[in-house]
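Notes follow once the structure below has been shown.
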Amino acid sequence: MGEKFGTSGPRALITGITSQDGAYLASLLLDKGYRVTGTLRPGGTMLNRAWRLETMGLAGRVTTVTVDLTDARAVSWLLDDHAPDEVYHLSAHSSVHSSFHIPAETFASNAVATTNLLEVIRTRHPRTRFYHASTSEMFGEAPEVPQTEKTLFRPRSPYAVAKVAAHQMTTLYRIAYGLFCVNGILFNHESPLRGPEFVTAKIVRGLVRWQAGLEDAPMALGRLDARRDWGFAGDYVRGMWSMLQAEGPDDYVLASGRTWSVRDFVSLTANALDMRLLWQGEGVGEVAIELDSGRTCVTVDPALFRPAEVGELRGDSSRARERLDWTPRVDLPELVAMMVAAEKVRQGLA
Ligand code: F7E
C-alpha cells in the first residue's frame, strides 16, 4: 500500500477505511471504477487493522494514508494531496459503551474531525461532495417511533452527543455555504466484519465457540430487552454512495423498519447453530439454557449495562426508498446465518 492505483475514474476518500463500513464501501467503489484512498488513525499496526481489507480482497487495491483527523493542517494536506471528488467520512469512535469512559476523546474523534474536514472543503475544495456517517443513536430516548429525518434528537451517550454535533455541523455547511454535504442516519448495521465489541458479533462468536466446546463459562450480556433495527452493512454502503450521486444534498435514514431484542438475536443465532434454548428467570437473573446439555450458555451481567440506555430504535427509511431507490436486500435471519458461517471459518470449525 502507499502507492496510487488506477489513473482514471472518480477519486474517493474514505476516512476509517479499515472499519466494517470502510471495507464494504471500498469494495463497492472499486467495483464502480473509483480510485480509492483511505485514512487510518495513527497508532496500531497494519497487522491488526488490515484484516477487513484482506478479507474483502482489497489489500493492495486501495491507497492508505495515516492521518490524525483532529489536526486541521493534516486534514488540509490530505485533501490537497488526494483532491477527492467524494469524501466518505466514516472514521469515528464508534463504541457507544466505551464512549462513557472516554467522552473527550470521543468528542474530538467524532465532532472536531468532522469540522476539520468540512472547513477544508469549504475553503479549498468546494466542489467535493461530503458524506457524514450520522447514526440512529442520536435519537436516543426518541419522542416517536419510527424515527425519520425529522425526529428530534435526544442523545443518551457521549458518542451520540458528539455525533449530533457533527451531524448539525454538516447540515450547517450545506445551508450556510451551499456545499454538497449529506448525513446518512444509519441504524445498526452488521456483517461478518463486525468487531466483537458490538453485541451481534459478540453473540455470534460466543455461541459458536460455546457450542464447539471452546468456552467453559457462559456468555455474559447486558440488557437483553434492548431493541434495535439491524441491517446488513453491505446494503447500507450502497445507500451512502447513492446519497452522493443524488441531484441535491439531503439527509437520509437507512433502516430495515423492523426491531428485534438482544434476546431475539441470541435465539436467532442459536437457531442458525441448531441449538435449542430455554430462557428462564427475569432481570439480572435471566439465563438461557441449552436444552440438549442442560447447561447455561447465557447470563446477564449488570456491569455491562450503560449509564443511560437507549431502549428501542426503529427507523423509517421512506425518503431513501423513494428518492434514492434504496432497499435493503438481506434480512436479519439471513444476516445471522452469514455471520455464523463466517465465524465458524474464523474459528477453524468449517
Ligand atoms: O449495542 C445492548 C446494548 O454495542 C446494541 C454502533 O455501530 O449502532 C452501534 O451502537 C444494544 C445496546 O451497538 C451487550 O446495551 C446488551 O442496547 O451492538 P451495540 P449500539 O450501541 O447500538 C449505532 C447505530 C452506532 O452508530 C454505533 O456506532 O445491545 N447490549 N448486551 C450489549 N451491547 C454490547 N456491546 N455488549 C453486550 O454485552
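Atoms within each ligand, like the ligands themselves, are counted from 1 in listed order.
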Sorted by chain and residue number, the residues with a non-hydrogen atom under 4.0 Å of ligand 1 are S94, V96, T135, S136, E137, Y159, L186, N188, R194, E197, F198, V199, K202, L221, G222, R223, A226, R228, V262, L304, R306, E309
Answer yes when R263 and E286 have at least one side-chain N-carboxylate O distance shorter than 4.0 Å, and no when they do not.
-> yes
Without hydrogens or angle criteria, can the side chains of [X] and [Y] be said to hold a donor-acceptor pair below 3.5 Å?
{"X": "T259", "Y": "W230", "result": "no"}
{"X": "H132", "Y": "N183", "result": "yes"}
{"X": "D225", "Y": "S261", "result": "no"}
{"X": "Q347", "Y": "R209", "result": "yes"}

What pairs meet the salt bridge (Lys or Arg N to Asp or Glu O under 4.0 Å) rule with one or both residues in residues 89-115, with sequence neighbours excluded?
-> none
